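Lettering follows sequence order; numbering is per chain, from 1. Model, not experiment: these values are computed from the prediction.
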There are 2 protein chains.
Amino acid sequence: MVSAPLASVRSGAPAKERLRLWIRILRASRLIEAVLRERLKTRFDTTLPRFDVLSALDRAPEGMAMSDISRFLLVSNGNVTGIVERLVTDGLASRTKRDGDRRTSIIKLTPAGKEAFAAMAEAHERWVDELLGSLPEDEARALAGTLKTFESNWEGGV
Amino acid sequence: MVSAPLASVRSGAPAKERLRLWIRILRASRLIEAVLRERLKTRFDTTLPRFDVLSALDRAPEGMAMSDISRFLLVSNGNVTGIVERLVTDGLASRTKRDGDRRTSIIKLTPAGKEAFAAMAEAHERWVDELLGSLPEDEARALAGTLKTFESNWEGGV
DNA sequence: GTATGAAATTTTAAGGTTGAAATATATCCG
DNA sequence: CGGATATATTTCAACCTTAAAATTTCATAC
């Protein structure tokens with residue numbers, strides 16, 4: 001035995017503290033998600049996963065491969081298959097083959113998809129602003145900064 | 001027309017700022033959840049929702065009604081039905097009727113359930129500590145405080 | 001060119017999730 | 001008492017989600 005576990009050495013009781021933080025992050029995101037989901041349903045008759053995919057596609061006018069979408073949204077490949085399928089059926093997205101690689105589909109928003117997303121995005125932004133309205137501007141910025149650093153560290157570390 | 005929209009008056013461009021924050025919260029929680037889910041599966045052959053229910057039950061030695069569980073975990077009633085069903089099948093939870101009200105079931109951990117949860121909780125706490133390890137202690141505390149306030153405001157407002 | 005392995009995607013099975021409808025029980029009030 | 005209303009829960013259909021297996025296509029090395 002060379003030393004106590006690192007975690008115990010770092011400081012008082014960090015594990016408990018971080019666990020509490022994690023629970024708070026989880027609850028906050030679930031509270032917000034629940035409201036957004038419900039509003040997307042009642043006002044636009046759509047779902048959060050569909051909105052997420054539209055949102056990803058909207059930032060990529062040149063289109064995205066299926067795997068780009070799943071990587072960006074942090075969901076599995078098979079998951080995206082079904083959602084895109086329904087978006088295509090509904091006329092909001094299109095899929096074409098990429099020249100030179102018949103494995104890859106390129107998914108794009110259709111004009112109808114762009115239009116539908118624009119309306120949703122506008123409402124979505126208002127809702128989020130409302131739901132997070134109790135956070136003072138500076139705290140929001142600080143929080144975002146901390147989480148950004150966290151996410152950056154993720155790629156390298158974990 | 002009396003005034004510009006409140007959001008625009010409060011300060012520069014708060015909506016965008018809060019939207020960014022929301023996206024970061026969402027991504028952070030998805031990143032962490034993905035790891036926890038994968039580890040619960042490989043090391044304990046269970047799922048995050050099951051773990052969540054066990055965790056809720058563990059804090060309530062006297063047992064919980066189905067609706068207590070769903071309210072606490074922020075999920076729907078019907079959802080809990082299925083998860084508890086499987087926990088009971090696996091011998092980790094028990095359901096009994098409450099005297100005087102035959103609508104209500106009281107769900108409790110069995111001894112096997114307590115034991116299984118204890119092992120998982122210990123690992124879970126270590127994992128979270130590891131995954132959030134890149135956050136300095138003071139930032140973690142600040143973040144938790146902000147989120148706590150946010151959650152408190154929730155009940156009153158929104 | 002042809003085997004071999006890598007890459008992109010879909011399929012499949014199991015389970016999670018919701019909102020709404022259905023069921024069962026309790027309570028309240030005239 | 002008996003009907004109306006409220007509460008606790010389950011059922012249902014549709015969709016989301018994952019991990020793993022299967023499929024298709026590509027790239028590389030003989």
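- Among dA8(C), dC15(D), dT18(C), the nucleotide with an atom closest to any side-chain atom of R50(A) is dC15(D).
- The residue L74(A) sits close only to the backbone: its heavy atoms come under 4.0 Å of sugar-phosphate atoms, none of a base.
- Take the nearest nucleotide of DNA chain C for P49(B) and for A65(A): the residue whose nucleotide is more 5' is A65(A).
- Among the atoms of the strands shown, none is found under 4.0 Å from any heavy atom of L48(B).
- We find that K41(A) and E38(A) are not joined by a salt bridge, their nearest charged nitrogen and carboxylate oxygen being 4.0 Å or further apart.
- At a threshold of 4.0 angstrom between heavy atoms, the contacts of V75(B) are confined to the sugar-phosphate backbone, with no base atom among them.
- As a whole-Å value, the separation of D52(B) CG from dG15(C) P is 17 Å.
- One finds no salt bridge joining R18(B) and E130(A) here, because no Lys/Arg side-chain nitrogen approaches an Asp/Glu carboxylate oxygen to under 4.0 Å.
- Of the listed nucleotides (dT9(D), dT17(D), dT10(C)), dT9(D) has the atom at the smallest distance from the side chain of S105(B).
- D101(A) comes within 4.0 angstrom of the backbone, heavy atoms only, and of no base.
- Between the side chain of T146(B) and the backbone N or O of A142(B), at least one donor-acceptor pair lies under 3.5 Å.
- No hydrogens or angles were tested; on distance alone, nothing pairs the side chain of R103(B) with the base of dA24(C) as donor and acceptor under 3.5 Å.
- The distance from atom CD1 of I107(B) to atom P of dA8(D) is 14 Å, rounded to the nearest whole Å.
- Residue N77(A) places no side-chain N or O under 4.0 Å from the OP1 or OP2 atom of dT9(C).
- The CD-P distance, from E85(B) to dT9(D), rounds to 14 Å in whole Å.
- To the nearest angstrom, P of dA20(D) lies 11 Å from CG of D45(B).
- Distance from the side chain of I83(B) is smallest to dT17(C) among dT10(D), dG19(C), dT17(C).
- Salt-bridge formation is not detected for the pair D68(B)/R98(B): no Lys NZ or Arg NE/NH1/NH2 atom is positioned less than 4.0 Å from an Asp or Glu carboxylate oxygen.
- Of the residues near DNA chain C, R30(A) and D68(A), the one whose nearest nucleotide (by heavy atom distance) lies more toward the 5' end is D68(A).
- Atom C1' of nucleotide dA14(C) and atom NZ of K41(B) are separated by 8 Å, given to the nearest angstrom.
- G100(A) comes within 4.0 angstrom of sugar-phosphate atoms only, judged by non-hydrogen atoms across all strands, and of no base.
- Taking the side chain of R95(A) as heavy atoms from C-beta on, and the options dT18(D), dT9(C), dG19(C), the nearest nucleotide is dT9(C).
- Between L73(A) atom CG and dT18(D) atom C1' the separation is 15 Å, expressed in whole Å.
- Atoms CG (L40(B)) and P (dG15(C)) sit 16 Å apart, rounded to a whole Å.
- In terms of position along DNA chain D, the nucleotide closest to K97(B) lies nearer the 5' end than the nucleotide closest to the other residue of the pair R37(B) and K97(B).
- N79(B) places its CG atom 18 Å from the P atom of dA13(D), with the value rounded to the nearest Å.
- R126(B) has a carboxylate O that lies under 4.0 Å from a charged side-chain N of E122(B), or vice versa, which qualifies the two as a salt bridge.
- The side chain of T81(B) contributes an N or O atom lying less than 4.0 Å from OP1 or OP2 of dT10(D).
- Using a 4.0 Å heavy-atom criterion, one finds that T104(A) contacts the sugar-phosphate atoms exclusively.
- For S67(A), the side-chain atoms get nearest to dT9(C) when compared with the rest of dC15(D), dT9(D), dT9(C).
- For dA24(C), the OP1/OP2 oxygens have no side-chain nitrogen or oxygen of R102(B) closer than 4.0 Å.
- Considering only side-chain atoms of M66(B), the nucleotide from dC15(D), dT10(D), dT18(D) that sits closest is dT10(D).
- Using a cutoff of 4.0 Å between basic side-chain nitrogens and carboxylate oxygens, E151(A) and K148(A) are not scored as salt-bridged.
- Between D138(A) and R141(A) there is no salt bridge, since no side-chain N of the basic residue sits under 4.0 Å from a carboxylate O of the acidic one.
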